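Note sheet for the following structure.
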Amino acid sequence: MISIVVPTLGRPSLAVLLEALAEQVGELPDPEILLVDDRRDSTGELAVPGALAAYTKVLNGPGAGPAAARNLGWRTARSPWIVFLDDDVVPAPDWARRLLTDLRVGDLVGGVQGRVHVPLPTRRRPTDWERGTAGLAEGEWITADMAYRRDALADAGGFDERFPRAYREDAELAHRVRRAGWELVRGQRAVTHPVRPEDRWVSLRVQRGNADDALLRRLYGRHWRTDLRLPPGRRHRHVAVTAAGALALVAAALRPLAGGAPRAVLGGVAVAGALGWTAGTAEFARARIAPGPRTADEVATMLVTSAAIPPLAVTHWLRGWWRSRAERPGAGR
């Protein structure tokens, strides 16, 4: 028996996922599909294709994010293997058959990750948002398609519900599963993860994840990225750019109130801070513009957001650091 848990906010992509599962669910032994409806303002029932109706149960989620929704799903499930799928992926036509092969693993293997393909434009360079989504293809133990043994989830304590976003919660769980003595491997099944349409300001909204990074720093110490096998970030650069900009603004504001030598010193500090902010912002914008399509709209978006992201990222980090101040180092669940 295999249980498939899909936390969902009722996005249109859910219908595509369910139709793909309906075409191959008969290949799975005694399948169980658990849809966790995590909509906070649910106004109607989720539509389930007729071919899946006999296998599907809809659970009312707590509306507290994907970690809590997945916990509800796997704790309700009846199978020794729990397969987590995001509601915006499309399983390949041979996904079910390859899943059965992937799960024929040794007793020490606690999880098997599926392969994620992110289709990108072929006639132009990808945008900043498209490149960010494409990074999922290289991510480790992401729950776009991740199967766990129930025993491994139980040993680790499940997903940590202190992480309210679809951001880091899967990497953090994988760390605890490995720490509990289980091995994680990659399988051969595959899903496609289309790039979700977003407006030009999406890069500003995703900076909220910095609050979760601050919690991880509290829980796992300064080497948290290495321990959780996460790529390096830009936080130190964001802090430097933000500090330079703040220094320039403060010095410029105080300069009219000073006289003589202090006035000249403040003027120099304001210029130095402004130069530092300009150089840092220009480097960040260039790093985002160079690999992209370089259209007028994309360049304008990158210039504006590259100026806004560093202070926004720092603000979210500080907010997360303050909220997690009571957490003890090493207190991951």
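The basis for the numbers below is simple: all heavy atoms, side chains too, and nothing from hydrogens, waters or symmetry mates. In this text, all values refer to a predicted model and were calculated from it rather than measured experimentally.
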Electrostatic pair Glu130-Arg125, nearest N-O below 4.0 angstrom:
no
May I ask you to decide if Gly65's main-chain N or O and Asp38's side chain share a donor-acceptor pair within less than 3.5 Å?
yes
Give a yes or no answer on whether the side chain of Arg40 reaches the backbone of Gly63 with a donor-acceptor pair at less than 3.5 Å.
yes
With heavy-atom distances below 4.5 Å as the criterion, would you say the side chains of Leu120 and Arg131 are in contact?
no
Got a salt bridge between Asp87 and Arg11, using NZ or NE/NH1/NH2 to carboxylate O under 4.0 Å?
yes
If the threshold is 4.0 Å, N to carboxylate O, is there a salt bridge linking Asp213 and Arg225?
yes
If Ile, Leu, Val, Met, Phe, Trp and Tyr residues are connected whenever their side-chain heavy atoms lie under 4.5 Å apart, and connections chain through other members, are Trp141 and Ile4 in the same group?
no
Could you give all pairs that pass the salt bridge (charged side-chain N to carboxylate O under 4.0 Å, His left out) test and reach residues 20-34, with sequence neighbours left out?
Glu32-Arg78
Is any side-chain heavy atom of Val6 closer than 4.5 Å to one of Leu34?
no
Arg208 CZ to Leu312 CG distance, which is reported to the nearest 0.5 Å
9.0 Å
Could you tell me whether Glu169 and Arg162 have a side-chain N and a carboxylate O separated by less than 4.0 Å?
no
Less than 4.0 Å between a side-chain N and a carboxylate O, is that true for Asp86 and Arg70?
yes
For the pair Arg176 and Glu172, find out whether any cationic side-chain nitrogen is under 4.0 Å from an anionic carboxylate oxygen.
yes
Validation row, ring centre Tyr148 to ring centre Phe159 under 6.0 Å
no
Do Leu136 and Ile142 make a side-chain contact, defined as non-hydrogen atoms from C-beta onward lying under 4.5 Å apart?
yes
Between Glu298 and Asp128 (side chain of the first, backbone of the second, donor and acceptor by atom type, cut-off under 3.5 Å), is there such a pair?
yes
Gap between atom CZ of Arg222 and atom CH2 of Trp224 - 0.5 Å precision:
13.5 Å
